[in-house]
There are 2 protein chains.
Amino acid sequence: MTATTPDPGQDFDRARCSVAGTLAVVGEKWSLLVLREAFLGVRRFADLQRALGAPRAVLTDRLNRLVAEGLLVRVPYRAPGERERHEYRLTDRGRDLHPALVALMQWGDRWLAGDGAPPLALTHRDCGAPVSLGLRCAAGHDVGGPREVTATPTGRPAETPDTPAG
Amino acid sequence: MTATTPDPGQDFDRARCSVAGTLAVVGEKWSLLVLREAFLGVRRFADLQRALGAPRAVLTDRLNRLVAEGLLVRVPYRAPGERERHEYRLTDRGRDLHPALVALMQWGDRWLAGDGAPPLALTHRDCGAPVSLGLRCAAGHDVGGPREVTATPTGRPAETPDTPAG
DNA sequence: GCGGCGTGGTTCGTCAACCGAACCCAGCGT
DNA sequence: ACGCTGGGTTCGGTTGACGAACCACGCCGC
């Protein structure tokens, strides 16, 4: 993201873009909200339906989709004195979307009716301090904002402007 | 996100959830892709349309929406020898979605046809090292994953189990 | 072994969103 | 005057979301 170069959009193949790819998986309505509930520990169809208020048909479809994509697994289980049920649990693949959810949440906390306290506070379990998401480079520097990031399309290795070798 | 507590979803008001709120703003189809292009430096309607391949009517609608929501501004300008045009530029509010885009991108890089190099590489402009997004707590600890995060609905102030002061 | 109930769906009709293609207008260059 | 380009709007058709109703399974009480 965040072109410092004049326009990396020229020869960058959008069809392969990871943002588009990810949105193709979780970009439909309700998908990310289903995952939010999953992170909150909600696992059963009825609970999801109650929590989200989504139409049952849509919820069925999204769950099937997320299972098919490997973000959730359907796990059968049986509570004592009840018949077998199944619940939806996050996989590693699904769990790895956590930062994306947190990023969306932080934006909402900051910019939407943001005078009061955010509806949901995240704290580090080990120390109780609030957690937040940030960019850092491999050398350990905190990256302040988009302006400090250079986006380079791969395939052409940085397009070195002083050695226009071709 | 990420309940360590048994079920914070019980009394958590979904209608106020920041994830839902954010998705209400940028959750429609194409919105986040428009923002991705904005971060890449694409500013003009025709360029956006070419890059995205979105229907023009939808693109018009998304741009108007993003302007109305204050994520983009329409800036008139005039190139030499051309008539006046206007371009769409990120505001602070829009720029602040950068982490969300990066999070989605990183997920795609990792999980979608992830054998080769990611289509777009992000590096720190000052030092050239690759950048990545991560959770950290205010005490400076790196947070490994969702499991290390506790989500607490506000309104009830953490439900402190050792000092049940009420 | 029959009816009721809760979970987990599916089906159906309606209504909104998205789509591609065509059309339109303003202003520049010729 | 004419065509070209940028930036839209309009239009019919298709897909998707919605809410309400319906269905199947299996536990429970009777």
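This one's a predicted model, so the numbers in the text were calculated from it and none came from an experiment. A, B, ... follow the sequence lines: proteins, then strands. Residue 1 opens every chain.
Between the CG atom of A:L23 and the P atom of C:dC18 there is a distance of 14 Å, rounded to whole Å. Atom-to-atom, CG of A:L59 to P of C:dG9 comes out at 9 Å; the value is rounded to the nearest Å. One interatomic measurement links the two molecules: CD of A:E28 to C1' of D:dC18, which rounds to 15 Å at whole-angstrom precision. B:R65 has its CZ atom 13 Å from the C1' atom of C:dA17, to the nearest Å.
Here the side chains of A:V42 and A:V34 are not in contact, with every heavy-atom distance at 4.5 Å or above.
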- Might you work through the salt bridge (Lys or Arg N to Asp or Glu O under 4.0 Å) test for B:D142 and A:R136, ending with a clear yes or no? CA-CA 11 Å; B:D142 279 321; A:R136 234 181 337 162; 2.6 Å; yes
- Message: Could you walk me through whether B:Y77 and B:R89 satisfy the side chain to side chain donor-acceptor pair (under 3.5 Å) test, starting with their C-alpha distance in whole Å, then the side-chain angles of each, then the deciding distance to 0.1 Å, before giving a yes or no?
- Response: CA-CA 12 Å; B:Y77 82 108; B:R89 297 176 147 272; over 6 Å; no
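Between atom CG of residue A:L112 and atom CZ of residue B:R93 there is a gap of 6.0 Å, rounded to the nearest 0.5 Å. The NE2 atom of A:H98 sits 9.5 Å away from the CG atom of A:L90 when rounded to the nearest 0.5 Å.
The phosphate of D:dG16 has neither OP1 nor OP2 within less than 4.0 Å of any side-chain N or O from A:W30. When the side-chain nitrogen and oxygen atoms of B:K29 are compared with OP1 and OP2 of D:dT15, none of them lie within a distance under 4.0 Å.
Remark: side-chain polar atoms of A:S18 are not paired, donor with acceptor, to backbone N or O of A:G21 under 3.5 angstrom.
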- Note on the structure: Its contact letters, B for base, S for sugar-phosphate only and - for none at protein heavy atoms under 4.0 Å, make nucleotides 6-12 of chain D read BBBBB--
